[in-house]
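Only a predicted model underlies this, so the values are computations on that prediction, with no experimental measurement involved.
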Amino acid sequence: MVKFDVKQLRYLSREEFRCLVSLEMGMKNHEIVPSELIASIANLRHGGCFKILRDLVQYKLVRYDHRNGIRGYHLTYAGYDYLALRSLCNQEAIYSIGNKIGVGKESDIYIAATDEGEQHVLKLHRLGRICFRKVKEKRDYLKRRKNASWLYLSRLAAEREFSFLRALHERGYPVPEPISWNRHAIVMRLVQGYPLSQVKHITNTAKVYTRLMDLVSRLAQMGLIHGDFNEFNLMIDDKERVTVIDLPQMISTSHPNAEFYFDRDVECIRTWFRKRYDFDSDDRPYLSDIVCESAVDVEMKASGYSKDLTSQFEELTLKKEVVNTEEEEHVDTEEEEDEDEEESSEGSCEEEEVSDDEEGSEEEEESEDGSYNEEQKEPRKVEEEGDAAVQGSHYLLDEDSEDRDVEVIDNSSFLPHRDCKEKEDQKKAAHTFRVVQSSKISKEDIKKRVRASEAKKRAKQSRIKKGEKYYLNREKRNAASEIKGAENWF
């Protein structure tokens, strides 16, 4: 059991939290973090980090460890709780913490409240307890990784549960409303109800039973299986409405053992109703009869999903988008055709009237002039010949080549000669080197500055070593004094 005491949280300084954060960063690659690494990450004054670490060991937020000749520190669950609570307070998700309302094999649950007095639930994941140490074998939190700390596993479990809560709550499934998440802590809205394991009598037993079976099948329609759907993870209120809790172990319906876990969830409810409420029914859902309507398991990357499912899900979504766009285009084209037909029908009448008027005017003009002048036809021929000469300027056309097909070259894509010159000038300008004035500092001054910086680095390293030696010597002296005092007892 991890003792959860937040009295010291209000008295911790900014530097102490800085040391806790630096220790957390060091634990990404170290099981035991050396004090030199913590001091370099925290970047505090000389000796300040070692004094703070000593105080944190007294508060039981940090533990000093010595393995295989390596001395260092690592975070405890209490220190990890303090880091999560501080960030949640900064987010204004919680303001105060009350009593413990639940304990499980992998989490502790507390009552929390906001500034306005609204009650929430604070769930702290605590993987690594003696009663449930095979979580690395039964859960795929690590995926391809082999080793990880229990703190990191608790963080992954909280992240997965928060993502499931948010996805299901958005789809109208009865789960607690998620509010915030940080590290291994989840804040959710308080559910007014009781665990089904504590309820001794139900008025409408058949109605509650069918409601629970519907919840199991609804999860399967989303592509998910709870995996621990029993009386301890179901909350029921006075109106016999059910709320599902504890979701980090959910798996996909494409898991190799999906049917086994689905049948186990169903049988847990049936045995409980048979044993407690003396109710038995043969109506039960089967996984093979349920059709998956939405691929929530692929979106949330639940355990058991594969890359083939993701590709299929993406193809289906793309097909739906293409079908929708084609339908919209088809509707638009039909509307445009209708508009064109209306316009053409209106314009045809006007064109007939205009054509009759034009024919009458042309006949009158021809009657007056008699015929076209040949002088007006000659300049048109000259203009047409000039255009053909310009278009086919790269070819010499004979008199007999009138029937041949002449290829016309469009020179609009070619740059004029002046643009090429501009490009060459730009290339030359790009290759020119700029002359930079040399610094006025002499070589001797540069050498002096380099030596001074190196001396500062050496002095800093020596200070760190001296501070560590002072701390270790002090511990040795205290141990020796305790041994001397123990000799006087005999």
Side-chain angles (χ1 to χ4, degrees), residues 1-90 97 108 110 124-130 147-155 182-185 460-486:
M1 293 292 291
V2 180
K3 189 175 180 181
F4 186 63
D5 188 7
V6 295
K7 292 179 181 178
Q8 196 62 35
L9 182 63
R10 67 181 72 180
Y11 301 114
L12 288 182
S13 62
R14 187 178 179 182
E15 288 77 12
E16 288 172 333
F17 275 111
R18 192 179 182 88
C19 286
L20 286 174
V21 172
S22 60
L23 181 56
E24 182 189 11
M25 293 172 68
M27 286 183 69
K28 291 180 180 179
N29 300 319
H30 296 79
E31 188 176 355
I32 298 172
V33 186
S35 55
E36 297 90 350
L37 181 60
I38 300 170
S40 62
I41 296 172
N43 197 16
L44 297 176
R45 291 182 181 179
H46 164 61
C49 186
F50 301 102
K51 295 176 183 176
I52 290 170
L53 286 171
R54 183 184 61 191
D55 295 337
L56 294 174
V57 169
Q58 291 179 357
Y59 302 150
K60 296 182 180 180
L61 305 178
V62 170
R63 185 174 295 170
Y64 179 77
D65 206 343
H66 173 223
R67 298 180 192 173
N68 299 327
I70 300 171
R71 299 175 182 271
Y73 300 88
H74 63 86
L75 272 175
T76 61
Y77 264 115
Y80 210 49
D81 293 343
Y82 275 34
L83 290 172
L85 290 174
R86 186 169 184 257
S87 59
L88 290 172
C89 289
N90 292 334
I97 297 172
D108 292 340
Y110 295 86
L124 300 172
H125 285 260
R126 302 199 187 282
L127 297 179
R129 287 175 173 167
I130 296 172
N147 299 318
S149 64
W150 292 113
L151 297 177
Y152 182 64
L153 286 171
S154 301
R155 181 192 183 99
N182 187 270
R183 292 179 174 86
H184 68 309
K460 188 176 180 181
Q461 291 176 359
S462 64
R463 275 191 238 112
I464 293 169
K465 288 180 181 178
K466 285 178 182 177
E468 186 182 1
K469 286 179 182 177
Y470 174 75
Y471 178 69
L472 294 174
N473 291 331
R474 188 170 181 179
E475 283 188 348
K476 288 179 181 178
R477 276 190 242 111
N478 292 333
S481 64
E482 289 177 359
I483 291 167
K484 288 179 181 178

Is there a side-chain contact between [X] and [Y] in this structure, where contact means two heavy atoms from C-beta onward sitting under 4.5 Å apart?
X      : Y      : value
Leu9   : Phe17  : yes
Leu12  : Leu61  : yes
His184 : Leu124 : yes

All side-chain contact (heavy atoms from CB on, under 4.5 Å) counterparts of [X], not counting sequence neighbours:
X      : value
Leu151 : Met27, Leu75, Tyr77, Tyr80, Ser149
Thr76  : Arg63, Ala78
Ser87  : Asn182, Arg183

If I take atom [atom1] from residue [X] and atom [atom2] from residue [Y], how far apart are they, to the nearest 0.5 angstrom?
X      : Y     : atom1 : atom2 : value
Tyr59  : Leu20 : OH    : CG    : 11.0 Å
Ile70  : Ile32 : CD1   : CD1   : 6.5 Å
Tyr152 : Glu24 : OH    : CD    : 12.0 Å
Gln461 : Ser40 : CD    : OG    : 11.0 Å
Tyr73  : His66 : OH    : NE2   : 12.5 Å

With sequence neighbours left out, the residues meeting side chain to side chain donor-acceptor pair (under 3.5 Å) with Glu31 are Arg67

Looking at residues at least two apart in the chain, or sitting in another chain, which of them share a ring pair (Phe, Tyr, Trp, His ring centres under 6.0 Å) with His125? none

List the atom of Cys19, the atom of Leu44, and the distance in Å for their closest heavy-atom pair. SG-CD1, 3.6 Å

Of all the heavy-atom pairs spanning Trp150 and Leu127, show the shortest one and how long it is. CB-O, 3.5 Å

Do Arg71 and Tyr64 have side-chain N/O donor and acceptor atoms under 3.5 Å apart? yes

Where do Val33 and Ile41 land on the side-chain contact (heavy atoms from CB on, under 4.5 Å) test, with the steps shown first? CA-CA 11 Å; Val33 186; Ile41 296 172; 5.9 Å; no

Contact list for residues 8-23, test salt bridge (charged side-chain N to carboxylate O under 4.0 Å, His left out), sequence neighbours left out: none

Show the numbers, then the answer: is there a side-chain contact (heavy atoms from CB on, under 4.5 Å) between His30 and Ile38? CA-CA 11 Å; His30 296 79; Ile38 300 170; over 6 Å; no

